[in-house]
Amino acid sequence: MRMSDAAALKVAGVTLSFGGVKALRDVSFEAKAGSITAVIGPNGAGKTSVFNCISGFYRPSSGQVLLDGQDISALRPPRRAALGIARSFQNIALFRGMTVLDNIKLGRHAHMKTNLLQAMLYSGAAAREEEALRRDVEERIIDFLEIDHIRNMPVSVLSYGLQKRVELARALAMQPRILLLDEPVAGMNREETEDMARFILDVKEEWGVTILMVEHDMGLIMDISDHVTVLNFGEVIAEGLPAEVQADPHVAEAYLGSGDPAALMKRLHEEAEH
Amino acid sequence: MIIGTAKESYRADEALLTTKPQRVWMAIFLAFLVIVPFSVNDYWLYMVCLMTINVVAATGLNILTGFTGQVSLGQAAFMAVGAYTVAWMERDLGTPFLVNLVGAGLAAAALGIVVGIPSLRVKGLYLAIATIAASFILHFVFVHWESVTGGNTGINVAPARIPGMELTTYFQLYWVIMPVTIIMVVAAANIFRTRIGRAFIAIRDRDISAEVLGIPLLQYKLMSFAIASFYAGVAGGMWAYFFRVVTPESFPFMMSIFLLAAIIVGGMGTILGGVVGAVFMTITPELLRFVVEWVSPWVPNAGTLLSPVRTIVFGGLIIGFLVFEPQGLAEIIQRVRRFFRLWPFRT
Amino acid sequence: MSDWLFFIEVSLAGLGSGALLSLTALAFVLIYKATQVVNLAVGEILMLGGYLFFAFAAGMGLSPWVAIPLAVIGGGIVGGIVERGIIRPMLGEAAISVFMVTVGLGSVLVGLVELIWGTDPRSLPNFIATAPLFLGEAYVSRKIAVAFVVAGIVVTVFLVLFRFWRGGVALRATATDQAAAYSCGINVPGVFSLAWIIGCATAAGAGVLLGAISGISPTMGIFGLSALVVVIVGGLDSILGALVGGLALGLIQSWTGTYLGGEYTSVVTFSLLIVALMIRPYGLFGTHEIERL
């Protein structure tokens, strides 16, 4: 699938508050089908909050999340996962008591049908479903991500970079239409970052998955993303092609501060008044 | 990791017992279970049956607490529900005993779902304490709902019947209790070969991310409660046929602690752990009795020491395992197996 | 006697046992606040306090006024040993594992007491005058009145200490963030030990008071379960919750025991617990922790 103009995912006017603090204020952007959209911004800008609103962990106080035009704002997280919203987590959220293989298999949960009775009897249907899952995971995901050597290891013994890769594998097992990647290369060295960049591009090209990515590594963003949205203090301050965003003086200011204490104080006061 | 276990097919890889030695040992073990009732006296047969009943209850609790991470101190109360259900069905309905056992499981499961409802809002210790509360409330119901439970005096249970005979001796009951137990343990192991078992473990390890990954928390937590209570109910039902009387004091709160201790000592989150733990914790007090009998020529009043010593050893085992061997006996067994796999070439 | 007067007497008795519940609940809260451990053995430490007093006063014939401090100190020593011996090695383990360690500890303590003193209930030597006390026209048992006053004073002292004393602040800091408190120069292991020593000493003291009122037996640790209800309802980390919750539960148990019958107290207590958990899962005065992904 190639990138098209249709928005696969649309965040429309989302506002999220915790007590009196507004973590997100009227945030709107969209991810075009088959594209890689990067969400960037300084720490605390609300990037992960946006992801949490999309996957349903947070309930915004107003605004909508639309998946292929369908409003999913009222759905609970598991329903959204079943509809094809998959994600990886900023602070790795693998299940420590399971092997790599089981962690990946878990991702398929929402698409499987085995019920309790079939499970207890390990009936033909259950066995067939497990076998098909095993084949799919082995042949499409584990091979693709080059993690066959670790498949039977407990996740807790893996290096950080490999854990991130297993998280991606689990997200792929969810049969995603939208893949949310929360800092997929944070803490990785150059080589691991390049591997991950290649995997992300392959996922987009070969699997036709729409990707939404939070990342701090500007090099990676410039290299692989098709579109960039910049958040600061819970608001969208810029968006466009990577090169446009990079050239935008507002973005530089958001990241570095203006260097002018008076302007900074003014902005803080404005924030306080909101 | 074991080398040389490459499988021809994914199905073989997903089997319950994956290596040939495993299958051989299992066959030997099953043969042993067939021989047991012919080769031990009534006392030991009684012990084996009791162990087996505890294995079912502990395995159920292990699914809930060891695999799903929802700590319950109410397992004994659900056993009581199962026992009362059997007693009541025998007395008032006269249905066949296998139906009664299933009924016991279902009644306990239904109640387990109700007790599990707080698990969506409260976690960890708070949930454990909610289950304590539930067991005391159930105890109250057992005492006061006299038309069904017979109040403080309880209910006498008619012997289990199959066409043509009544099952009254331990020998006869063994042939019911043991197969039911094996089926239930295998069913428990099967759960963890499928998506349902994986969902349970995910909830234990990190419930909020499990939800985002597509697992409806309430549904699966309640399912885990239902399964655990079903196991408790069937165990309690077998208990009722075994002891033939059920009273409110048959399943004291201490029994819930006993079952939790059994899975801690055996190993939480492994099927083997629940089985080994229940066997070990049932047999230890009996072994202590032999110790006390053995020292009685030298120690005055040794008999009166038995009960306190049991209490101390029981607590000591819980502490010792949690501090020194938190993975339980199952982990020790694995270590021994790994040792012998390479023995005598490497030690 | 008028119904109204009777009601007041029942309520006063309830407040008395409620104060003991508060005191026992305080032991839970002190330990939980510093170490995030719910110590189910508080009830058994309480029992041990009663038996220590019995051993010193009746066994060794010491004056009650010597035996009381000795029992309290004994409870504190046991607390210190337990903390160093089996709680500290569990640092970093799941809360529920540590909880189960304390369940095991309770079992060991019950066994030890049965081994040394046997299973029969005993009564403590009298050290509180038996002459009844009258508040206006209402009769109150003097023992219960004394228990109420002592428990009330102790809980209030802790409430004040926690607010203003440096050690109390250190304890609160440790509770909020162990690593941060450590890097601020707070002796975290010291705070842990101190909390266990003081918590267990408090429980032992409560045991002496409870034993004076209703005698001692190896099963009296069950009182700890009622106190646990108090802390769950009041909030595991709230001294105020322990105070208010203890008095409230004491009243409720006294009322149900008198007007409905003794067998209803535990069912009412635990129903209350479940209702409270459903409405406020972290207690009336407890702190709610926010979950993050």
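Order of the sequence lines fixes the chain letters, A, B, ..., with proteins taken first and strands second; residue numbering starts at 1 for each chain.
If you measure heavy-atom distances from Leu121(A) to chain B, the contacts under 4.5 Å come from the backbone alone. For Arg170(A), the part lying under 4.5 angstrom from a heavy atom of chain B is the side chain only. Using a 4.5 Å cut-off between heavy atoms, Met174(A) contacts chain B through its side chain alone, with no backbone atom that close. The contact between Arg76(A) and chain B is made entirely by side chain atoms (from C-beta outward), counting heavy-atom distances below 4.5 Å. Looking at Ile227(B), only its side chain comes within 4.5 Å of chain A, counting heavy atoms on both sides. Within the 4.5 angstrom heavy-atom criterion, atoms from both the backbone and the side chain of Ala127(A) approach chain B. Using a 4.5 Å cut-off between heavy atoms, Asn115(A) contacts chain B through its backbone alone, with no side-chain atom that close.
Using a cutoff of 4.0 Å between basic side-chain nitrogens and carboxylate oxygens, Glu14(B) and Arg128(A) are not scored as salt-bridged.
Under the 3.5 Å distance criterion, the side-chain polar atoms of Thr210(A) are matched with a main-chain donor or acceptor of Gly34(A). Between the Arg87(A) side chain and the Leu213(B) main chain, no donor and acceptor come within less than 3.5 Å of each other. With hydrogens and angles ignored, the 3.5 Å screen pairs a side-chain donor or acceptor of Asn103(A) with a backbone N or O of Phe95(A). A distance-only check finds no donor-acceptor pair linking the side chain of Ser224(B) to the backbone of Tyr220(B) [under 3.5 Å].
Sorted by first then second residue, the salt bridge (Lys or Arg N to Asp or Glu O under 4.0 Å) pairs that include residues 214-232 of chain B, not counting sequence neighbours, are Asp207(B)-Lys221(B).
Contacts with chain A (heavy atom to heavy atom, under 4.5 Å) involve these residues of residues 194-202 of chain B, listed by number: Thr194(B), Arg195(B), Ile196(B), Arg198(B), Ala199(B), Ile201(B), Ala202(B). Contacts between residues 175-188 of chain A and chain B, defined by a heavy-atom separation under 4.5 Å, are made by no residue at all. Among the residues in residues 183-190 of chain B, those with a non-hydrogen atom closer than 4.5 angstrom to a non-hydrogen atom of chain A are Ala187(B), Asn190(B).
Ranked by heavy-atom pairs shorter than 4.5 Å toward chain B, the options Glu131(A), His109(A), Arg108(A) are led by His109(A).
The salt bridge (charged side-chain N to carboxylate O under 4.0 Å, His left out) test with Glu138(A) is passed by exactly one of Arg134(A), Arg140(A), Arg135(A): Arg134(A).
Atom-to-atom distance recorded for Leu16(B):CG and Phe192(B):CZ is 12.0 Å, nearest 0.5 angstrom.
No more than 12 heavy-atom neighbours from other residues, nucleotides or ligands sit within 6.0 angstrom of CZ on Arg79(A).
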